[in-house]
2 protein chains.
Amino acid sequence: MVKRTSFEGDACPIARSLEAIGDWWSLLIIREALFGLRRFGEFQNKLGMAKNILSARLRALVEHGILATAPASDGSAYQEYVLTPKGRGIFPILVALRQWSEEFDDRPEEIATILVDREKGRPVRKLEMRAEDGRLLSPADTMLKPRPAPRRRSTG
Amino acid sequence: MVKRTSFEGDACPIARSLEAIGDWWSLLIIREALFGLRRFGEFQNKLGMAKNILSARLRALVEHGILATAPASDGSAYQEYVLTPKGRGIFPILVALRQWSEEFDDRPEEIATILVDREKGRPVRKLEMRAEDGRLLSPADTMLKPRPAPRRRSTG
DNA sequence: GCATATGGTTTTATGATGCAACCACACAAG
DNA sequence: CTTGTGTGGTTGCATCATAAAACCATATGC
């Protein structure tokens with residue numbers, strides 16, 4: 001976490017996302033936010049983390065456009081932290097992390113909750129990766145390609 | 001990263017996975033490993049990280065069962081670090097991170113690569129979450145349920 | 001005005017990080 | 001068998017983020 005090495009300018013999208021949410025608390029804050037938590041105290045209470053760290057994380061998440069501060073909601077003059085669309089877009093990452101734990105954790109019996117389809121109450125499937133035409137893809141069916149040049153002629 | 005707060009015993013699977021791969025370098029190491037890197041020097045070279053940190057991360061990943069040390073491969077008496085099935089299971093997490101960057105990054109033009117279907121060379125679809133019966137699920141279509149008690153009678 | 005709850009910031013100790021230097025071993029040459 | 005080089009690390013040490021607790025500010029109730 002010494003942030004000496006910033007991945008801000010890195011060309012790898014994974015590094016770039018880690019730059020924003022690659023620390024321990026951020027994802028947990030987002031998890032709680034997805035569950036509806038909004039207030040500083042709610043986060044602090046639920047996560048049991050130091051308030052200064054929470055404060056710093058919230059600020060960073062706001063700077064990264066993952067959370068936004070809303071002026072109020074219940075009348076009190078305090079702030080609220082609500083997820084932006086970018087923040088809600090983190091949901092699949094959390095699902096992937098969850099499923100990885102569920103599948104590979106050494107003590108799966110300690111995991112308290114399962115993610116289920118609300119309608120049927122049955123566990124959701126593993127995340128699936130599909131091609132444009134719908135074929136199911138395994139990691140080996142994929143590869144990385146250089147990104148096509150951004151469509152502006154003035155560059156070269 | 002100060003690991004004061006360990007999530008080792010936490011009941012949340014997200015926290016549990018962060019415990020194993022929730023630091024900056026681990027996921028990047030795994031990314032490279034998925035690309036075929038195996039040797040200490042290869043990782044060090046590619047990622048440009050301090051060797052002691054790399055050493056510590058590799059050791060931690062081995063302890064977590066994500067990497068395994070293989071005695072040799074090209075004849076030299078040195079070690080190699082290869083992904084276990086648990087390690088390869090991290091692929092969807094990386095894909096989720098990548099897609100999040102691709103969709104929401106403020107400067108997407110800086111992202112150098114895209115993940116494509118090897119057969120057609122076309123970008124893969126966004127990861128999909130589906131119910132057991134195949135229905136496509138949005139976050140709102142899901143919920144958390146307490147895990148059913150582990151099937152052993154002797155407990156209570 | 002005084003107490004209390006909420007929402008933070010400041011202070012301070014700790015310890016992980018990152019860099020560089022050092023060490024150990026393998027392998028090759030002389 | 002000694003020297004040299006490359007690989008694969010470990011060992012200091014300075015620095016900076018973290019975490020815990022104390023402190024501060026504003027709002028609300030009495």
Side-chain angles (χ1 to χ4, degrees), chain A residues 1-10 15 18-29 32-33 36-64 67-82, chain B residues 1-10 15 18-29 32-33 36-64 67-82:
Chain A
M1 216 70 116
V2 171
K3 192 54 110 343
R4 213 54 142 300
T5 33
S6 166
F7 300 123
E8 193 109 30
D10 200 295
L18 291 178
E19 178 71 21
I21 55 173
D23 65 85
W24 286 334
W25 291 115
S26 295
L27 276 175
L28 298 179
I29 291 170
E32 299 304 332
L37 299 201
R38 299 166 149 241
R39 298 289 282 255
F40 188 95
E42 289 178 323
F43 290 112
Q44 209 266 321
N45 230 314
K46 190 78 193 301
L47 292 171
M49 63 192 292
K51 296 201 288 180
N52 55 345
I53 304 296
L54 175 58
S55 179
R57 286 287 152 271
L58 289 174
R59 203 177 317 129
L61 289 170
V62 168
E63 277 167 17
H64 279 290
L67 291 176
T69 52
S73 136
D74 65 338
S76 70
Y78 297 121
Q79 276 191 127
E80 289 190 348
Y81 299 89
V82 298
Chain B
M1 214 75 111
V2 171
K3 192 57 108 348
R4 212 58 140 299
T5 33
S6 168
F7 300 121
E8 193 109 32
D10 199 296
L18 291 179
E19 178 71 21
I21 55 173
D23 65 84
W24 286 334
W25 291 116
S26 295
L27 275 175
L28 297 179
I29 291 170
E32 299 304 331
L37 298 201
R38 298 164 151 243
R39 299 288 282 258
F40 187 94
E42 289 179 321
F43 290 113
Q44 210 267 320
N45 231 313
K46 190 77 194 302
L47 292 172
M49 62 191 293
K51 296 202 288 181
N52 55 347
I53 304 297
L54 175 58
S55 178
R57 286 288 154 269
L58 289 173
R59 203 178 316 129
L61 289 170
V62 167
E63 277 166 17
H64 279 291
L67 292 176
T69 53
S73 137
D74 64 341
S76 70
Y78 296 120
Q79 276 193 126
E80 288 189 348
Y81 299 89
V82 298

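So that the names make sense, note that chain A is the first sequence line, chain B the second, and so on, each numbered from 1. Computed from a predicted model, the values in this text were never measured in an experiment.
Looking only at distances, no side-chain donor or acceptor of A:Glu63 sits under 3.5 Å from a matching main-chain atom of A:Ala60. A donor-acceptor contact shorter than 3.5 Å is absent between the side chain of B:Gln44 and the backbone of B:Phe40.
As rounded to whole Å, 13 Å separates atom C1' of D:dG8 from atom CD of B:Glu80. At whole-Å resolution of the value, CG in B:Leu47 and P in C:dT17 are 15 Å apart. For the pair A:Ile29 CD1 and C:dG7 P, the interatomic distance rounds to 15 Å; values are reported in whole Å. Remark: P of C:dC23 and CZ of B:Phe40 are 18 Å apart, rounded to the nearest angstrom. In this entry the distance linking CD of B:Gln44 with C1' of D:dT10 reads 14 Å, nearest Å. Per the geometry, CG belonging to A:Leu58 stands 13 Å off P belonging to D:dT18, to the nearest Å. Going from atom CE of A:Met49 over to atom P of C:dT9 covers 13 Å, rounded to whole Å. In this structure, the CZ atom of B:Arg38 is 13 Å from the P atom of D:dG8, given to the nearest Å.
Distances were taken from every side-chain heavy atom of A:Asn52 (C-beta onward) to each of C:dG7, D:dT10, D:dA21; the shortest belongs to D:dA21. Considering only side-chain atoms of A:Ile53, the nucleotide from C:dG8, D:dA19, D:dT11 that sits closest is D:dA19. Relative to the side chain of A:Trp25, the nucleotides D:dT18, C:dG8, D:dA19 differ in distance, and D:dA19 lies closest. Nearest to the side chain of B:Ala50, among C:dC19, C:dT9, D:dG8, sits C:dC19. Distances were taken from every side-chain heavy atom of B:Arg39 (C-beta onward) to each of D:dT7, D:dT10, C:dT17; the shortest belongs to D:dT7. Distance from the side chain of A:Lys51 is smallest for D:dA22 among the nucleotides D:dG8, D:dA22, D:dT18. Here the side chain of B:Arg57 is nearest to one of D:dG12, D:dG9, C:dT17, namely C:dT17.
Distances shorter than 4.0 Å separate none of the side-chain N or O atoms of A:Ser55 from OP1 or OP2 on C:dG8. Contact between the side-chain N/O atoms of B:Gln79 and the OP1/OP2 oxygens of D:dG9 is found at a separation under 4.0 Å.
Contact annotation for B:Phe43: no contact, since no heavy-atom pair falls under 4.0 Å across all strands.
Counting heavy atoms from C-beta outward, B:Arg38 and B:Tyr81 have side chains that stay 4.5 Å or more apart. Side-chain contact check for B:Lys46 versus B:Leu37: some heavy-atom pair is nearer than 4.5 Å. In this structure, the side chains of A:Ile53 and A:Trp25 come closer than 4.5 Å at one or more pairs of heavy atoms.
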